[in-house]
Visitor: 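Mind looking over this structure? Questions follow.
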Amino acid sequence: MELSKRIRNVRASSTLAFNTKAAEMRRSGVDVIAMTAGEPDFQPPPHVFDAAREAIELGLTKYTPAEGSHALREAIVAKHLRENGWKADPSDVIVGAGGKQVLYNAFQALLDPGDEVILIAPYWVSYPAQVEIAGGVVVPVRAEAANGFVPDPDKVAAAFTPRTRALVLNSPSNPTGAVYPREVVEALAALAHQRGVWLISDDLYEHLIYEGEFTPVRPLYPEGTVTVHGASKGYALTGWRIGWGVGPRTLIQAMTRLQGQVTSGANALAQHATVAALNEVEKTAAFQTETRAAYVERRALLVAGLNRLGLHAPMPAGAFYAMADLTQIDPDEGKASLRLLEEAHVGVVPGTDFLAPGFARFSYATSTDNVREALRRIEKLLG
Ligand code: PLP
């Protein structure tokens with residue numbers, strides 16, 4: 001009994017694989033410090049829980065429209081106007097089960113077999129997988145550690161071919177934490193515009209910036225930009241699975257047609273709660289300020305510690321990840337990460353699937369005590 005060729009080519013996410021291995025070791029009694037997680041370790045603020053309870057009391061048990069409730073799409077439009085200075089209409093918005101589903105919809109709606117998508121590497125592991133599931137071809141452009149993993153627009157320009165269909169921008173970046181300076185974002189948007197290709201701007205980590213500023217992409221190229229965002233990172237709501245996309249209406253309608261046949265509207269209770277997360281501006285901003293301060297402290301501790309141990313890591317300006325060079329432990333990042341897990345009991349994600357050979361991703365979405373203890377264990381491993 002054969003599986004389809006398409007599914008046989010789909011790899012399991014390496015982030016999840018290392019997380020699972022760390023969790024298994026924990027279950028068998030090993031005290032593992034997992035720095036693998038791609039999610040905040042904080043709980044969302046109380047007003048979001050109140051709204052979720054209210055959703056139950058209101059009896060919100062029915063399907064919402066496939067594109068998301070009108071109230072949430074209005075709240076999304078208001079958020080982008082208030083925080084990012086650009087206007088959209090609720091009909092330009094689709095809500096999905098996380099930014100991940102929205103990205104999946106976008107690649108399905110935009111790519112024909114053989115179409116090329118330029119990805120800045122190191123990249124988030126699901127981009128290449130989703131591009132390939134849609135029949136697309138990944139064209140990676142490496143951003144160097146020496147430049148803090150900020151891409152060189154000239155190198156990106158050189159990657160365009162007549163088959164290029166889309167360019168993906170992710171600043172702040174998972175896995176590098178790089179925040180692209182405004183001039184780099186402008187140069188990349190100008191390239192997409194000049195070449196007439198789609199620009200997919202993954203803004204999931206917008207609220208997690210510690211140096212520099214977030215550059216909204218959509219105003220630079222409104223007719224070709226798909227903004228992807230969500231409740232997971234900046235609002236600490238990973239498990240409630242709410243993400244959204246904003247873009248040209250014909251594309252959003254196409255993505256909605258697809259989603260309508262695959263999953264329909266996202267979870268109604270979570271949509272209602274996300275309205276509160278977006279609309280109760282002051283409470284949410286206070287939560288984001290507080291969590292940012294915690295990340296800043298952990299980042300300083302982790303990056304200084306890694307560099308002191310000779311595991312060179314550029315200082316990330318955003319997100320909650322640092323990419324460290326593990327060649328000192330083993331030139332093969334997979335083996336080095338396995339040694340960290342099995343011998344030091346510190347879980348990290350090897351750079352292999354991010355296209356970051358020699359590196360591993362350390363998530364500092366964990367307590368300062370854990371960061372300190374992880375560094376102590378790594379120091380011991382290094383002797
Ligand atoms: N984009 C990036 C860069 C991510 O790191 C993630 C999650 O790890 C996502 C999108 C999708 O997140 P979600 O589906 O939880 O909204």
Side-chain angles (χ1 to χ4, degrees), residues 12-20 34-42 44 48 68 72 76 79 93-107 117 119-131 133 138 140 143 149 151 166-180 199-209 214 217 226-246 255 259 262-263 266-267 270-271 273-274 277-278 295 316-323 349 351 353-356 361-365:
S13 154
S14 63
T15 320
L16 293 181
F18 255 74
N19 234 340
T20 307
M35 304 189 84
T36 46
E39 62 183 344
D41 55 321
F42 301 104
V48 179
L72 178 52
I76 289 164
K79 174 259 178 263
V93 181
I94 180 172
V95 174
K100 204 174 221 173
Q101 185 181 23
V102 175
L103 285 160
Y104 180 86
N105 292 339
F107 290 126
V117 178
L119 299 179
I120 315 287
Y123 43 56
W124 180 48
V125 289
S126 293
Y127 298 140
Q130 293 195 354
V131 167
I133 293 168
V138 172
F149 294 111
L167 164 66
V168 178
L169 245 177
N170 174 221
S171 168
S173 152
N174 175 10
T176 66
V179 176
Y180 304 171
L199 184 58
I200 299 176
S201 178
D202 179 339
D203 297 355
L204 262 286
Y205 294 89
E206 173 192 355
H207 297 103
L208 301 168
I209 295 187
F214 177 74
V217 175
V226 192
T227 298
V228 180
H229 213 310
S232 286
K233 314 293 175 172
Y235 306 84
L237 286 168
T238 44
W240 288 12
R241 309 308 302 129
I242 296 294
W244 61 86
V246 190
M255 290 161 65
Q259 185 167 296
V262 180
T263 54
N267 179 303
Q271 287 192 57
T274 305
L278 295 178
Y295 289 131
F320 37 63
Y321 310 108
M323 286 288 273
V349 184
D353 291 347
F354 304 132
L355 205 65
R361 187 190 77 179
F362 289 68
S363 164
Y364 52 89

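Just follow the structure's listing: the first ligand is 1, and inside any ligand the first atom is 1.
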Visitor: Quick one: do Asn267 and Trp240 satisfy side-chain contact (heavy atoms from CB on, under 4.5 Å)? Show the steps, please.
Guide: CA-CA 8 Å; Asn267 179 303; Trp240 288 12; over 6 Å; no
Visitor: Please name the residue in the list Tyr205, Tyr364, Phe42 that meets the ring pair (Phe, Tyr, Trp, His ring centres under 6.0 Å) test with Phe320.
Guide: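 Testing Phe320 for a ring pair (Phe, Tyr, Trp, His ring centres under 6.0 Å) against Tyr205, Tyr364, Phe42 leaves exactly one candidate, Tyr205.
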Visitor: Run through ligand 1 for me and note each protein residue having a heavy atom under 4.0 Å from it, chain first, then residue number.
Guide: Gly98, Gly99, Lys100, Trp124, Tyr127, Asn170, Asn174, Asp202, Leu204, Tyr205, Ser232, Lys233, Arg241
Visitor: Side chain of Asp203, backbone of His229: donor and acceptor closer than 3.5 Å?
Guide: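 No: the side chain of Asp203 does not pair with the backbone of His229.
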Visitor: Listed by chain and number, what are the ring-ring contact (aromatic ring centres under 6.0 Å, His included) partners of Tyr235, not counting sequence neighbours?
Guide: His207
Visitor: Hey, mind stepping through Leu278 and Leu72 against side-chain contact (heavy atoms from CB on, under 4.5 Å) and telling me if it holds?
Guide: CA-CA 9 Å; Leu278 295 178; Leu72 178 52; 3.9 Å; yes
Visitor: Assess whether side-chain contact (heavy atoms from CB on, under 4.5 Å) is satisfied between Glu206 and Lys233, documenting all intermediate values.
Guide: CA-CA 9 Å; Glu206 173 192 355; Lys233 314 293 175 172; over 6 Å; no
